[in-house]
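The sequence lines fix the lettering, A, B, ..., with proteins before strands; numbering per chain opens at 1.
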2 protein chains.
Amino acid sequence: MNIGEASEASGLPAKTIRYYEEIGLIRPRRDTNGYRAFKAGDVHKLAFLARARALGFSIEECRALLGLYEDETRASENVKALAQEHLHRVDTKIAELKALRATLDELIAACAGDHRPDCPILADLAAGNASREENGGAN
Amino acid sequence: MNIGEASEASGLPAKTIRYYEEIGLIRPRRDTNGYRAFKAGDVHKLAFLARARALGFSIEECRALLGLYEDETRASENVKALAQEHLHRVDTKIAELKALRATLDELIAACAGDHRPDCPILADLAAGNASREENGGAN
DNA sequence: GCTTGACCTTCCATCTACTGGAAGGAGCAT
DNA sequence: ATGCTCCTTCCAGTAGATGGAAGGTCAAGC
């Protein structure tokens, strides 16, 4: 199986597959012509990586997950710990974005959005007003 | 005012201030010794940038906002449009993260997290199961 | 006058996770 | 032989900084 087919089968761009080989996530054999030869197991790993990346795991976490996946003596607590750590980061990010969203929303609501130059959005940016995150909009 | 004080006053690291000068967001004068000499206006702009970046505006959006800020003949609708575009992106991002969070949460709940190797998280990653986003966890 | 230390300068490398493109080889059909 | 598609490697670039090396400047202390 050449890289084109592997790309098709895994859903990852060929460029990305080459990159994953470069950083050691996969090690496909090579044909005599130098072309990468992907076995079913390689494609399986690529799909695993695609899914893990889609869930937001970093490359290094994917590397660890792949290692655990291939380790028949793994303890599921290790996998769970990784996932929980990631979940925590996602929660933090969501909270940050929500706070930010609330501020943006307030500013936008306060802005007339017409031909005149007066603008509460610019006024807020200039004032460096952080109080909106503290009081006003509860998440 | 040297870069250290400007950093202190604006809340931005000196490295970042140099970077902002490099990409043309600010243009502080230079003293005869080559040191950057920040005026109150420069520091004001830096604080403006710090606040805009904290609200998640991209550098190019910050450049545009700064331009509008300095343009006394601006129309607030232009500022509002920029902010609304950004708000939309934030909303999209939040929705993505929430969906992802729901999936992670389900997987984590299903995993025993003990010494045994059986792990629904790895099983899901290997199966490339996208159905969880479609059905199960409503946002 | 000399050294020490804090501060400043520029320039280059590094980070994440790819992506784009150039230059050239391999394979297959005509 | 030609053309076309696929493959290869290598280099550069993205966003937005950040870290560090090598070296200039300045004020204080002895």
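Considering only heavy atoms from C-beta on, Phe57(A) comes within 4.5 Å of Leu65(A) through its side chain. Looking at Arg74(B) and Leu122(A), their side chains come closer than 4.5 Å, going by heavy atoms from C-beta outward. Looking at Asp42(A) and Pro28(A), their side chains come closer than 4.5 Å, going by heavy atoms from C-beta outward. Between Tyr35(A) and Ile3(A), every side-chain heavy-atom pair lies at or beyond the 4.5 Å cut-off.
Counting non-hydrogen atoms under 4.0 angstrom, Arg18(B) reaches a base of the nucleic acid.
Considering only residues two or more places apart in sequence or on other chains, Thr73(A) meets the side-chain hydrogen bond (donor to acceptor under 3.5 Å, both in side chains) condition with Asp71(A). Under the side-chain contact (heavy atoms from CB on, under 4.5 Å) criterion, Ala75(A) pairs with Glu77(A), Asn78(A), not counting sequence neighbours. Not a single side-chain hydrogen bond (donor to acceptor under 3.5 Å, both in side chains) links Glu85(B) to another residue, sequence neighbours left out.
OP1 or OP2 of dT19(C) lies within a sub-4.0 Å distance of a side-chain N or O belonging to Thr16(A). Phosphate proximity of dT10(C) to Arg36(B): present, with a side-chain N or O under 4.0 Å from OP1 or OP2. Phosphate contact (OP1/OP2 of dT10(C), side-chain N/O of Arg30(B), threshold under 4.0 Å): present. OP1 or OP2 of dA17(D) sits under 4.0 Å from a side-chain N or O of Tyr20(B).
Taking atom CG of Asp31(B) as the reference point, atom P of dA27(D) lies 11 Å away to the nearest angstrom. Remark: C1' of dT19(C) and CD1 of Ile17(A) are 14 Å apart, rounded to the nearest angstrom. For the pair Tyr19(A) OH and dT9(D) C1', the interatomic distance rounds to 17 Å; values are reported in whole Å. In this entry the distance linking CG of Asn2(A) with P of dT5(D) reads 17 Å, nearest Å. Protein atom CD of Glu21(A) is 14 Å distant from nucleotide atom P of dC7(D), rounded to whole Å. As a whole-Å value, the separation of Glu8(B) CD from dC8(C) C1' is 16 Å. With rounding to whole Å, Ile23(B) atom CD1 is found 7 Å from dA17(D) atom P. Here dC7(D) presents its P atom at 16 Å from CZ of Arg29(A), a figure rounded to the nearest Å.
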I'd like a list of close polar pairs between nucleotides 12-14 of chain D and the protein, N/O only, cut-off under 3.5 Å.
none

For side chain to side chain contact (heavy atoms under 4.5 Å, CB included), just list the numbers for Tyr69(B) and Leu125(A), CA-CA rounded to whole Å, side-chain angles, deciding distance to a tenth of an Å, and then say yes or no.
-> CA-CA 9 Å; Tyr69(B) 180 62; Leu125(A) 292 174; over 6 Å; no

Contact string for nucleotides 19-24 of chain D, one letter per nucleotide 5' to 3', B = base within protein heavy-atom range under 4.0 Å, S = sugar-phosphate only, - = neither, reads BB---B

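Heavy-atom distances under 4.0 Å link DNA chain D to no residue of residues 81-96 of chain A.
Exactly one residue among Arg29(B), Arg30(B), Lys45(B) makes a salt bridge (charged side-chain N to carboxylate O under 4.0 Å, His left out) with Glu21(B). That residue is Arg30(B).
A salt bridge does not link Glu106(B) with Arg101(B): none of the charged nitrogens is closer than 4.0 Å to a carboxylate oxygen.
Between atom CD of residue Gln84(A) and atom CG of residue Asp91(A) there is a gap of 11.0 Å, rounded to the nearest 0.5 Å.
Within 6.0 Å of CD in Glu8(A) there are 12 or fewer heavy atoms belonging to other residues, nucleotides or ligands.
Distances were taken from every side-chain heavy atom of Ile59(B) (C-beta onward) to each of dG16(D), dT18(D), dC18(C); the shortest belongs to dG16(D).
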